[in-house]
Amino acid sequence: MKKSLLAALLSLSTLITQAQTKTRSYLIDPELAPREKIVNFTNMRVEVSFEPVKGLVKGRVTLMFTPYKQTTDSIWLDAIKMDVKKLTLNGKDTKYKVDSAGITIYPGTPLTWESKDSLTITYECTPRRGLYFIGWNDPNNLSRKQIWTQGEGTDNRCWIPMFDDWNSKMITETIITFDKDYQVLSNGTRVGVKDNSDGTKTWHYKMSHPHSPYLVMIGIGKYEIEDRKTKSGLPIHLYYYPDFKDRVHPTYMYMADMIDFYEKEIGVKFGWESYSQIPVQDYMFGAMENTTATLFTDLLFVDKRSFLDRNYIGVDAHELAHQWFGDLVTCRTSSSKWLNENFATYYSALFDKEIYGQDYFDWERRGQQNSAIEDAEKNTYPIGSSMADQVKLYPQGAFVLNMLKYVVGGRDIYNKAIKHYLEKHKYETADTRDLLLAFEESTGMSLDWFWEEWYFKGGLPNYTVSYSEQNGATEFTVAQVQNLSETTGLPGSADNEPFRSAGLFSMPIWFEVHYTDGTIDKKQFWINKENQNVSVPNSSGKKIDYVLFDPGNQVMKKVTFTKPFEMLEAQAAKAENVLDRFDAIAAMHSTKLDKKRDFLIQTYNKETFQAVKAEVVLQLANDSNPDSRALLKMALADKDVLVRKAALTKVTKIPAILLPDFEKLLADSSYEVVATALEKLATNNPAGIPSYLQKTKGVIGTVGRNVEIKWLELAAGSSNDTSYINTLVRYTSNSYEFRTRTNAAQALKKLDYFDKDLLANLINAIFSSNGRLSSPATEVLQFFYGMDRYKKVINDYVASGKWEPWQRAIIKKTLI
């Protein structure tokens, strides 16, 4: 046989074999496996003191460990730019090498497995990440003075030499020496506080169970502490600023209730010895779930009036849930980070449902789905991947967990599996498949298909749905129209199976037919084909009022389902679930005003949930009809602040007849409404600016002095008084928290005002490790640098300054 013929036959045989073989395709995940561990670190003792003006950490860390291998001749520790003063292994000096990323230790004699060893390192460092010194270099002495840490993802290595990996679990203790006039918080039980002769104290904290290195924390500042207990007797320690005692109740009102709720809902007791919370200035995120000690931005430490605009309740519930999901059981690598964040986001929503009700919970789910749909246009990375973005880790993943509960049959069986998962992996790490196994072991269900669709693959189903009445039944037609791919949905079929394209989703979906006599027919079908027909019998020939595909929006999806206006009216008026009512109203968006106006006004007067009322306002806000104007007047005075906000923001031009109603909002209970009304009124009625400024004079507002800075911006733009500009410039300095600084900088940009004091403050801001300050400051500085009249001033200032190499690099990057 000729070689060419033999090769052809072999090739054909391979193709046939491949065609008959069912395969699965996944995106390559570089973080799927954890780093190799040479030794098992079991305990860590950290002793630190600080010179805060210098940004200096002086530390000594002792690490207890056991080698994994028969012989170990080197050990690596993560340690960013550490100045190692002394290092001992088992109490004796040993060789080591330091570079900018860490320390390599060389035992004189190779260590053997199962031996118990210890490293002690005395060191100094000036970290730019991981540990932050706040307010110590404020020349005006106005800022709060604090020291706090942020270890996630792997930033604690910037102030502690250690093996800094999520896959490591250690029992830790922290010993902190600092000024006696301050309070110090860390993980675990406070073992003791010792007074020292030099005006300092030494605080000693110790954990009783292992946790991951990124969860080690320190918080230092001037606080008072309120102690509480849960129903089960768990001690709670709530830190607060002495000058803001009135903010304790709005901020911490549900703290004990949350723990009680989670212990009941999750079925697993709080796994640690106590729980503390501490607000800090200039924190770059919302909060951080450090084990036993959550640290959160003081922008959420608000009074009862600011509570209307933004409060700590949701973030509080999220971080508390992490004490189970993330701290008690920690994701093994970043490819399983969703096990931390999806659960925390979902259980936060469950607590919202507990206090605010089902409609609030469902509307929260709708926001999660909308975020997922928008994000899916940008990428189709799976949730169970290190490449998953914030949307997939937080809102999308929370929705999918609720969908999992729906698929397995409800709360009880879902909770059984979650309890099993947490108890099986308590004080350990886990990955995506561990949760799948927990469900299989506790419920007997085979859920591989669900993990395949929603965790290992990306994308979302996109359905187009239609219906018709024929032959004594309501016939639905469902098509999946998403882009089909090997890395979305389920795998394609093998040759010996009924054909199915790769990338289709398989989900159980309810179909409901509602009749004018008030009865309902409903059936659940598995939708798993590219095109599918579903029949709901109507043997009595009842008149259809409205139909629903996936009532209550249980399945994450994009869907197009066009219905006649009369059916939308019935659905909006009669559907039980708020999402179905909202969808009916939203579907009227393109309907002519004369056709829908009366019904929308009727809906507003009947509806109780803010989102549906706000959607009505959106559609009628700029309608000049007197009835719509009357509705807008009602909306501006609605008892729900979210409806008032919708009415205020959706109007493009204030009708003269409603000007007094808009002016009343200058005294609204919501600071955000006041600030927005001030800006909108100034734009629509410039002649009234002096009056508006008089009515709002002295109002500081909420986060970032929002009302005051808008007031100063308008006052500076309508007056020659330079004091307004000077105040704005002062607010850009490091005497103030970052949101005030960025708000003031943006106001000065709008006013096109620039001077050397502003320049110095902007340069200071771009050096910040907090991207929520440095990024806006960079944008404003670049705005002014782009103008010829300011470029020389900026260049001269930079040339005359004395900068550290890292500072010079930031300046160079900013002023390209």
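Treat the numbers as computed from the prediction; the structure is a model and nothing was measured. Values below: all heavy atoms of this structure, side chains included; hydrogens, waters and symmetry mates excluded.
When the ring-ring contact (aromatic ring centres under 6.0 Å, His included) test is applied to Tyr132, the partners found at least two apart in sequence or on another chain are Trp148. In this view, Lys54 and Glu51 satisfy the side-chain hydrogen bond (donor to acceptor under 3.5 Å, both in side chains) rule, not counting sequence neighbours. Scanning for ring-ring contact (aromatic ring centres under 6.0 Å, His included) contacts around Tyr724 gives Trp711, with sequence neighbours left out. Not a single salt bridge (Lys or Arg N to Asp or Glu O under 4.0 Å) links Asp99 to another residue, sequence neighbours left out. Asn795 pairs by the side chain to side chain contact (heavy atoms under 4.5 Å, CB included) definition with Tyr785, Lys791, not counting sequence neighbours. With sequence neighbours excluded, the residues forming a side chain to side chain contact (heavy atoms under 4.5 Å, CB included) with Lys650 are Leu618, Ala621, listed by chain and number. The ring-ring contact (aromatic ring centres under 6.0 Å, His included) check on His318 picks up His322, Tyr394, with sequence neighbours excluded. Under the rule for a salt bridge (Lys or Arg N to Asp or Glu O under 4.0 Å), Arg808 has no partner lying at least two apart in sequence or in another chain. Under the side chain to side chain contact (heavy atoms under 4.5 Å, CB included) criterion, Ala760 pairs with Tyr797, sequence neighbours left out. Remark: Ala744 pairs with Ile709, Leu728, Tyr731, Thr732 by the side chain to side chain contact (heavy atoms under 4.5 Å, CB included) rule, at least two apart or across chains. With sequence neighbours excluded, no residue satisfies side-chain hydrogen bond (donor to acceptor under 3.5 Å, both in side chains) with Thr380.
Here the CG atom belonging to Asp78 is positioned 9.5 Å from the CD1 atom belonging to Ile103, to the nearest 0.5 angstrom. To the nearest 0.5 Å, atoms CG (Asn764) and CZ (Arg741) are separated by 4.5 Å. For the atom pair Leu758 CG and Ile763 CD1, the distance stands at 10.0 Å (nearest 0.5 Å). Atom CG of Leu593 is separated from atom CG of Asn622 by 10.0 Å, given to the nearest 0.5 angstrom.
Taking 4.5 Å as the limit, some side-chain heavy atom of Tyr692 sits within range of a side-chain heavy atom of Leu666. Looking at heavy atoms from C-beta onward, Pro382 lies in side-chain contact with Leu27 at the 4.5 angstrom threshold. Using a 4.5 Å cut-off on side-chain heavy atoms (C-beta onward), Ile134 and Lys145 make no contact. Counting only heavy atoms from C-beta outward, the side chains of Ile278 and Met217 approach each other to under 4.5 Å. Glu152 has its side chain within reach of Met288: a pair of non-hydrogen atoms, C-beta onward, lies under 4.5 Å apart. Contact check for Asn379 versus Lys392: side-chain heavy atoms found under the 4.5 Å cut-off. Counting only heavy atoms from C-beta outward, the side chains of Thr676 and Lys645 never approach each other to under 4.5 Å.
Salt bridge present: Asp752 and Arg789 bring a charged side-chain N and a carboxylate O closer than 4.0 Å. By the 4.0 Å N-to-carboxylate-O rule, Arg144 lies close enough to Asp243 to be salt-bridged with it. Ion pairing between Glu779 and Lys749 holds under the 4.0 Å rule for side-chain N and carboxylate O.
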Inset, instruction - Verify salt bridge (Lys or Arg N to Asp or Glu O under 4.0 Å) between Lys613 and Asp640, making sure each step is shown before the conclusion. - result: CA-CA 10 Å; Lys613 298 177 77 171; Asp640 194 311; over 6 Å; no
Inset, instruction - Tell me, with the steps shown, if Tyr241 and Tyr223 meet ring-ring contact (aromatic ring centres under 6.0 Å, His included). - result: CA-CA 5 Å; Tyr241 297 144; Tyr223 298 95; 5.5 Å; yes
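In this structure, Asn685 contributes its side chain and Leu681 its backbone to no donor-acceptor pair below 3.5 Å. Under a 3.5 Å cut-off, the side chain of Arg128 and the backbone N or O of Phe767 do form a donor-acceptor pair.
By the 6.0 Å and 45° rule, Arg247 does not stack over the aromatic ring of Tyr240.
Listed by first then second residue, pairs satisfying side chain to side chain donor-acceptor pair (under 3.5 Å) with a partner in residues 769-778 number zero, not counting sequence neighbours.
Among Arg305, Lys304, Arg644, the single residue meeting the side-chain hydrogen bond (donor to acceptor under 3.5 Å, both in side chains) criterion with Ser669 is Arg644.
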